[in-house]
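A quick write-up on the structure given underneath.
None of the values given here were measured: they were computed from a predicted structure. FYI, the numbering just counts along the sequence from 1.
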Amino acid sequence: MDINYSEFKSAYNKMNKFDSFDDQELEKLSYGGTENDDNVSTVNHPAHYTSGKQEAINIIEDAIKDAKDPVDGMLQAQVLKYMLRLWLKNNPKEDAEKARWYLSRLIEKL
């Protein structure tokens, strides 16, 4: 079952056990990790890819499955990656510029 971090935090808070965990520990726990699992939030399910109803990787994999070749699919995947996380990281302009760079390469290839 997929649950996003904010829903998990809200539900956990209602159970009056929230005080014993900080936000980072709760985020790890929300994805099946433990307080000692440093890779859970930063590698397996980073917050900037899991904020919506679907995880970004699932959206990307579905979108690129019909690409005519692997390079086209990779370029499309990069565009989507940067656009999906645009408002969730520190520098939206930089992510938009990266998306544009990959999109320009894709357009040149088509």
**Study point:** Option among Lys109, Arg105, Gln76 that satisfies the side chain to side chain contact (heavy atoms under 4.5 Å, CB included) test with Val71
**Key:** Lys109
Revision key, fill the gap. From the list Arg100, Arg85, Lys89, side chain to side chain donor-acceptor pair (under 3.5 Å) partner of Asp95 resolves to Arg85
Look up atom [atom1] in [X] and atom [atom2] in [Y], then write down how far apart they are to the nearest 0.5 Å.
X: Tyr82; Y: Glu97; atom1: OH; atom2: CD; value: 12.0 Å
X: Asp72; Y: Asp66; atom1: CG; atom2: CG; value: 12.0 Å
X: Leu110; Y: Lys68; atom1: CG; atom2: NZ; value: 6.0 Å
X: Asn91; Y: Leu86; atom1: CG; atom2: CG; value: 9.5 Å

Exercise for review: For residues Leu84 and Ala56, report the shortest heavy-atom separation together with the two atoms involved.
Suggested key: CD1-CB, 3.9 Å
Review point. Looking only at heavy atoms, what is the nearest atom pair of Ala63 and Leu80, with distance?
Key: CB-CD1, 3.6 Å
Review point. Crowded around Asp69 CG? As in, over 12 foreign heavy atoms under 6.0 Å?
Key: yes
Review point. With a 4.5 Å limit on heavy-atom distance, are the side chains of Ile57 and Glu61 in contact?
Key: yes
